[in-house]
Amino acid sequence: MLRNPVGLSYAVVALLAAVIVADAALFAAALDVRLLMAGDLNDHPHPAGFAHMGVEAATVVQGLIGLALMVVFIIWFFRVRKNAGVFAPDLHRGGPGWAIGAWFVPVANLWWPRSVAAGTWRASRRDPYGDGKVEGESFALLNWWWTFWTLTNLAGLFASAVYEDANTVEGFAAGALALMVSAVVDIVAALLAILFVRRLTSMQHAKATGMIPAA
């Protein structure tokens, strides 16, 4: 039975927008730290001062929003995967439960959720068995989203490690720069995720309501 994913998609998009705001705040806080490092702070016991507290606060907020996003996104992802099983049940490897489980399998979560997303995307096309050359139905958007989702996770881990290990002016400057780059990558990933969620939801809603002919 089909279930409408539109309401959940609104919640996902709203949380992704909140992620972008949190990323901007982290970028600003990290920039403040980097600018402070340009001063003569070698003898200061707390080189980052209040700017360091700003980075920590922005990181906590970013983490809380990210946790909420993870929950809501996976619920949405599970729903669109179940719908895809109605549209074209023979195009999927494994049951819809893997729309949840694939995210939590170490190492395999670097490609498995993308495989689930690809099957869902294909089944949601006007013609699930076609070549996907219809405008807006190719895998390009999905691939860009997945690429930047992977990059932002790796960049976030690297930036956090560099900043947390810093104990010199140079170390804090390098860590702050890494955080700034990570924030920019995360903003791009969030924007692509918004486009991906909106497009896939639109494809399923249109197909389910007969706005386009089902294959």
Side-chain angles (χ1 to χ4, degrees), residues 7-77 100 103-104 106-107 109-110 113-114 117 141-142 144-199 201:
L8 280 171
S9 74
Y10 291 154
V12 173
V13 169
L15 286 168
L16 284 166
V19 166
I20 292 173
V21 173
D23 286 335
L26 178 59
F27 182 94
L31 177 60
D32 196 14
V33 170
R34 188 162 174 81
L35 291 176
L36 282 172
M37 294 306 99
D40 185 13
L41 299 174
N42 289 289
D43 297 325
H44 197 287
H46 303 290
F50 286 109
H52 175 66
M53 295 174 61
V55 168
E56 290 186 332
T59 301
V60 169
V61 171
Q62 187 185 54
L64 291 174
I65 296 173
L67 181 61
L69 173 62
M70 180 182 71
V71 173
V72 178
F73 180 89
I74 288 178
I75 294 172
W76 169 84
F77 196 57
I100 299 172
W103 298 95
F104 301 100
V107 183
N109 57 11
L110 293 175
R114 190 267 172 201
L141 177 58
L142 185 154
W144 278 112
W145 159 67
W146 187 254
T147 297
F148 272 87
W149 183 89
T150 304
L151 286 175
T152 194
N153 279 278
L154 296 176
L157 290 173
F158 175 77
S160 296
V162 173
Y163 191 82
E164 290 173 4
D165 289 343
N167 53 23
T168 65
V169 170
E170 293 77 13
F172 276 107
L177 179 59
L179 287 175
M180 291 166 63
V181 172
S182 174
V184 171
V185 173
D186 201 48
I187 287 172
V188 175
L191 289 171
L192 287 169
I194 288 173
L195 295 176
F196 167 71
V197 169
R198 286 175 57 86
R199 181 58 189 156
T201 301

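Throughout, residue positions are numbered sequentially from 1 according to the sequence presented.
Listed by chain and number, the residues in a side chain to side chain contact (heavy atoms under 4.5 Å, CB included) with Thr201 are Pro5, Val6, Ser9, Trp76, Val197 (sequence neighbours excluded). Looking at residues two or more places apart in sequence or on another chain, you find a side chain to side chain contact (heavy atoms under 4.5 Å, CB included) between Leu154 and Thr150. Residues that satisfy the side-chain hydrogen bond (donor to acceptor under 3.5 Å, both in side chains) test with Arg114, not counting sequence neighbours, are Asn143. Legend: residues meeting side chain to side chain contact (heavy atoms under 4.5 Å, CB included) with Phe158, ordered by chain and number and at least two apart, are Val162, Ala178. For Trp103, the ring pair (Phe, Tyr, Trp, His ring centres under 6.0 Å) partners are Phe73, Phe77, Trp146, Trp149, not counting sequence neighbours. Ala11 is linked by a side chain to side chain contact (heavy atoms under 4.5 Å, CB included) to Val72, counting only residues two or more places apart in sequence or in another chain.
One finds the CH2 atom of Trp144 at 8.5 Å from the CG atom of Leu192 (value rounded to the nearest 0.5 Å). A distance of 11.5 Å separates CG in Leu26 from CD in Glu56, rounded to the nearest 0.5 Å. Rounding to the nearest 0.5 Å gives a distance of 12.0 Å between CZ of Phe27 and CG of Asp32. For the atom pair CZ of Arg199 and CH2 of Trp145, the computed distance is 16.0 Å after rounding to the nearest 0.5 Å.
Residues in residues 152-161 take part in these side chain to side chain donor-acceptor pair (under 3.5 Å) pairs, two or more places apart or across chains: Thr152-Asp186. Sequence neighbours left out, not one pair with a member in residues 12-22 passes side chain to side chain donor-acceptor pair (under 3.5 Å). A side chain to side chain donor-acceptor pair (under 3.5 Å) check over residues 187-197, counting only residues at least two apart or in different chains, returns nothing. For residues 65-75, no residue pair satisfies the side chain to side chain donor-acceptor pair (under 3.5 Å) rule, not counting sequence neighbours.
Annotation: side chain of Leu16 is in contact with side chain of Val12 (closest heavy-atom distance under 4.5 Å). With contacts defined as side-chain heavy-atom distances shorter than 4.5 Å, the pair Phe196/Leu142 qualifies.
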Going through the checks in order, is the side chain to side chain contact (heavy atoms under 4.5 Å, CB included) test met by Val184 and Met180?
-> CA-CA 6 Å; Val184 171; Met180 291 166 63; 5.8 Å; no

Does the side chain to side chain contact (heavy atoms under 4.5 Å, CB included) test come out yes or no for Val185 and Phe148, once each step is laid out?
-> CA-CA 7 Å; Val185 173; Phe148 272 87; 4.2 Å; yes

Would Ile74 and Phe104 satisfy side chain to side chain contact (heavy atoms under 4.5 Å, CB included), going step by step from the backbone distance to the final call?
-> CA-CA 11 Å; Ile74 288 178; Phe104 301 100; 3.9 Å; yes

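Scanning all heavy atoms of the two residues, the minimum distance from His52 to Val33 falls at N-CG2, 3.9 Å. Taking each heavy atom of Gly54 and Ala29 in turn, the nearest pair found is C-CB, 3.7 Å. The nearest pair of heavy atoms linking Gly175 to Tyr163 is C-CD1, 3.6 Å. Heavy-atom minimum distance, Val19 versus Ala190: CG1-CB, 4.4 Å.
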Between side-chain atoms of residues 59-67 and protein atoms elsewhere (two or more places apart, or another chain), which donor-acceptor pairs fall under 3.5 Å?
unit_1	atom_1	unit_2	atom_2	d
Thr59	OG1	Val55	O	2.7
Gln62	NE2	Asp23	OD1	2.4

